[in-house]
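Only one structure is covered here, and it is reproduced in the block below.
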Amino acid sequence: MTTLATPTPSYEDLLEARKASGVPMFNDNKMKLGIFGSNCSHGLMATNAESTYRLDWQHTQKIAQIADRLGFEAMLPVARYRGMGGDTNFNGTNYETHTWAAGLAQATEQIMVFSTTHVPTKHPIVAAKESVTVDHISNGRFGLNMTMGWYKSEMEMFGGTQREHDDRYRFGSEWISIAKRMWTEDGPVNFDGEFFQVVDAFSDPKPIQKPYPVLVNAGNSPAGLEFCARECDFNFIAFADPEEAKDTASRVRGIAQAQGRDLGILGYGNIICRDTEKETKQLLDHILELGDWEVAKFVSGGLGSESGSFDKIKAMQERFILGYGGYPLIGTPEQIVDQLIKLEEAGVGGMMVGFLDYAEELPYFGERILPLMQEAGLRA
Ligand SMILES: Cc1cc2nc3c(=O)[nH]c(=O)nc-3n(C[C@H](O)[C@H](O)[C@H](O)COP(=O)(O)O)c2cc1C
């Protein structure tokens with residue numbers, strides 16, 4: 001039987017295939033844009049501040065269609081099976097992500113539709129097949145964000161115990177090796193690994209996108225960066241400021257380059273933007289005032305207890321409320337674009353963003369922020 005051997009084409013061949021397929025995530029825009037988290041209640045913002053945002057299919061499609069018209073490159077969901085508690089039960093109402101992507105593929109024209117998959121919850125042959133199906137529905141616009149699963153009580157819903165941290169990435173490595181083989185080999189595929197045994201497996205049709213769908217992972221630990229550098233097109237990073245982004249970007253790209261390949265860097269955060277600083281500050285204060293501090297305490301608990309500094313814990317909780325611990329873009333349109341320029345200079349090639357009110361604020365983004373991004377050369 002064949003054991004672990006990721007059938008990765010040379011990086012040059014991969015890049016050429018990506019460019020030839022014309023997938024938006026490989027266009028020439030220096031700062032790609034994606035909508036993140038619009039498949040979960042409260043999106044990326046743990047607050048009770050007023051919003052028309054709601055989780056139903058009509059509203060979900062509306063958000064995707066606005067982003068599609070504005071030329072965004074991606075719709076990227078959060079994979080969530082369990083709410084996080086607090087008075088919002090943050091993200092507790094949510095859509096499954098492959099089927100969500102399939103629906104949006106049908107409802108949109110050019111934007112890429114991603115699924116986010118907890119690899120321990122789904123067999124790679126099933127995930128590979130589902131991914132091909134959405135790739136066909138979207139005519140080659142599907143992407144896959146792999147997550148190893150970190151939220152213990154969520155993973156325990158599936159029975160068994162959460163694997164040790166680095167074991168999750170060893171499991172993920174076998175998982176993606178099998179998926180890549182299902183996407184690229186005629187078969188039969190045989191695989192005898194530590195976690196998976198695959199016997200005489202076949203999967204047809206093959207993806208439209210060559211050699212397989214665009215792959216993303218948000219590992220930020222040493223094991224996560226190593227996995228991502230080896231297997232993915234993009235590393236989705238969490239950072240406190242552009243300096244930290246630059247450091248993580250150069251670390252993960254360094255690992256990839258040592259293996260003769262490379263990858264892109266994505267960040268994430270909510271956009272809190274109004275015409276004036278005063279209005280922006282009012283909105284920011286309101287979001288925090290009505291923030292779900294209980295869920296923020298729950299999420300930052302483990303991390304906070306290590307920091308030993310109350311200010312640091314409070315800052316971490318604020319960052320959670322303002323956008324899942326991402327890098328919130330706060331200010332007037334000009335200030336937002338200044339921040340995006342700094343991020344691009346730091347090596348971040350795309351931002352996956354959320355809004356307090358996606359459908360209401362996206363048109364404003366299109367009118368006020370996009371033209372400034374174009375003027376700054378961040379987007380065509
Ligand atoms: C931008 C970003 C998006 C993520 N999205 C999800 C998600 O949708 N579902 C999930 O369970 N975990 C998600 N995670 C958690 C990661 O998949 C990962 O478990 C976490 O970053 C810890 O990995 P690490 O220890 O290698 O850094 C996300 C993390 C980041 C930074």
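Order of appearance sets the numbers: ligands from 1, and atoms from 1 within every ligand. Quick caveat: nothing in here was measured; it's all calculated off a predicted structure.
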For this session: Give yes if a backbone or side-chain nitrogen or oxygen of His165 is under 3.5 Å from a nitrogen or oxygen of ligand 1, and no if not.
Result: yes
Exercise. Atom 22 (C) of ligand 1: protein heavy atom closer than 4.0 Å?
Worked result: no
Exercise. Is a side-chain donor or acceptor of Asn220 paired with a backbone partner of Ala238 at a separation under 3.5 angstrom?
Worked result: yes
Seminar exercise, completed: In short, side-chain hydrogen bond (donor to acceptor under 3.5 Å, both in side chains) pairs touching residues 340-352 with sequence neighbours left out are none
Problem set entry | Glu73 bridged to Arg141 by N-O distance under 4.0 Å | no
Problem set entry | With Ser173, the side chain to side chain donor-acceptor pair (under 3.5 Å) member among Arg168, Arg230, Glu226 | Arg230
Seminar exercise, completed: Ranked by distance from atom 27 (O) of ligand 1, the top protein heavy atom is Asn220 N, 2.8 Å
For this session: Using the test side chain to side chain donor-acceptor pair (under 3.5 Å), find all partners of Glu156 that sit at least two apart in sequence or belong to another chain.
Result: Lys152
For this session: Classify the contact between Arg80 and ligand 1 as side chain, backbone, both or neither, using a heavy-atom distance cut-off of under 4.0 Å.
Result: side chain
Exercise. Got the closest protein heavy atom to atom 17 (O) of ligand 1, with its distance?
Worked result: Thr147 OG1, 2.7 Å
For this session: Would you please determine whether Tyr151 falls within less than 4.0 Å of ligand 1 on a heavy-atom basis?
Result: no
Exercise. Could Lys19 and Asp28 be called an ion pair, given the rule that one side-chain N must be under 4.0 Å from one carboxylate O?
Worked result: yes
For this session: Report the member of Phe36, Trp150, Tyr327 with the shortest heavy-atom distance to atom 10 (C) of ligand 1.
Result: Trp150
Problem set entry | Heavy-atom donor-acceptor pair, Lys129 side chain to Pro124 backbone, under 3.5 Å | no
For this session: Number the atoms of ligand 1 from 1 as they appear, then name those within less than 4.0 Å of a heavy atom of Gly224, with their elements.
Result: 26 (O)
Exercise. Which ligand 1 atoms does Gly219 reach within 4.0 Å, using its non-hydrogen atoms?
Worked result: 26 (O), 27 (O)
For this session: Answer yes or no: does an N/O atom from Ala218 fall short of 3.5 Å to an N/O atom of ligand 1?
Result: yes
Problem set entry | Val78 neighbourhood, listing ligand 1 atoms whose heavy-atom distance to it stays under 4.0 Å | 8 (O)
Exercise. Quick one: do the Thr133 and Glu130 side chains pair a donor with an acceptor below 3.5 Å?
Worked result: no
Problem set entry | Test: Asp166 and Arg170 ion pair at under 4.0 Å | no
Exercise. Taking side chain as C-beta onward, heavy atoms only, is Asn270 less than 4.5 Å from Leu322?
Worked result: no
Exercise. Do ligand 1 and Tyr268 have nitrogen or oxygen atoms that lie under 3.5 Å from each other?
Worked result: no
Exercise. Is Tyr169 close to ligand 1, meaning an N/O of one under 3.5 Å from an N/O of the other?
Worked result: yes
Exercise. Does ligand 1 have an atom that lies less than 4.0 angstrom from a heavy atom of Ala79?
Worked result: yes
Exercise. Do any nitrogen or oxygen atoms of Pro77 lie less than 3.5 angstrom from nitrogen or oxygen atoms of ligand 1?
Worked result: no
